[in-house]
Amino acid sequence: MNKISRAKVLNNEGLCNIFHCSPQGGMRRSLKTNTLIIVSNRVKSISIHDRWINDILQYTGMGRKGDQSVEFGQNKTLLKSNKNGIIVLLFEVLKIKEYTFRGRVELADEP
């Protein structure tokens, strides 16, 4: 994590190079680095429902329409993250093409 602590704002290429993850999506799993990168993108409409309440990010999850299933894709990885040893890292996009590192996070409660 030393690379990230010096550069709190990355572009998408830097994020992918450091964590060996997909270049797209709000939840990017990397088996190589044992991480789940959470991207809360406030610039694109897909994450507009994400919001902070009392220092807890209410994250929408993976899926396009309706209620999100906790058994779908990386939603399940996040759901089990307090027990499966995956490192969950949060990045927020507040300006186009800028991924601001917010730190290591954990699931605060059951969805």
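Model, not experiment: these values are computed from the prediction.
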key: Any side-chain heavy-atom pair of T100 and V93 under 4.5 Å   = no
query = Closest approach of Y99 and L15, non-hydrogen atoms and distance?
reply = CD2-CD2, 3.9 Å
message = With rounding to the nearest 0.5 angstrom, report the CG to CD1 distance, D55 to I53.
response = 11.5 Å
inquiry  = Nearest 0.5 Å, please: how far is OG1 in T33 from CZ in F19?
reply    = 7.0 Å
ask   = Which heavy atom in N84 sits nearest to a heavy atom in T77, and how many Å separate them?
value = ND2-O, 3.4 Å
ask   = With no hydrogens and no angle check, is any side-chain donor or acceptor of S30 less than 3.5 Å from a backbone partner on H20?
value = yes
query = Is F91 close to N41 at the side-chain level, that is, under 4.5 Å between some pair of heavy atoms?
reply = no
query = Do any N or O atoms from the side chain of S22 and from the backbone of Q24 form a donor-acceptor pair under 3.5 angstrom?
reply = yes
ask   = Between N82 (side chain) and L107 (backbone), is there a donor-acceptor pair under 3.5 Å?
value = yes
request  = Without swapping roles, check the side chain of N12 against the backbone of P23 for a donor-acceptor pair under 3.5 Å.
outcome  = yes
inquiry  = Is the shortest side-chain heavy-atom distance between L57 and L90 below 4.5 Å?
reply    = yes
key: Gap separating the CG atom of L89 from the SG atom of C21, nearest 0.5 angstrom   = 10.0 Å
query = Going from CD on Q74 to CG on L79, what distance comes out if it is rounded to the nearest 0.5 angstrom?
reply = 12.0 Å
message = Would you compute the distance between atom CD1 of I87 and atom OG of S81 and round it to the nearest 0.5 angstrom?
response = 11.5 Å
request  = For residues T35 and I86, determine if any side-chain heavy atom of one lies less than 4.5 Å from a side-chain heavy atom of the other.
outcome  = no
query = Going from CZ on R29 to CD1 on I38, what distance comes out if it is rounded to the nearest 0.5 angstrom?
reply = 11.0 Å
task = Say whether L31 and L36 are linked into one hydrophobic cluster, either directly or through other cluster members, by side-chain heavy-atom distances under 4.5 angstrom.
result = no
Pairwise side-chain contact, L78 with M27, heavy-atom cut-off 4.5 Å (strictly under) = yes
key: ILVMFWY cluster, V43 and V39 together (side-chain gap under 4.5 Å)   = yes
message = Show me the pairs that pass salt bridge (Lys or Arg N to Asp or Glu O under 4.0 Å) and involve residues 99-108, at least two apart or across chains.
response = E92-R102
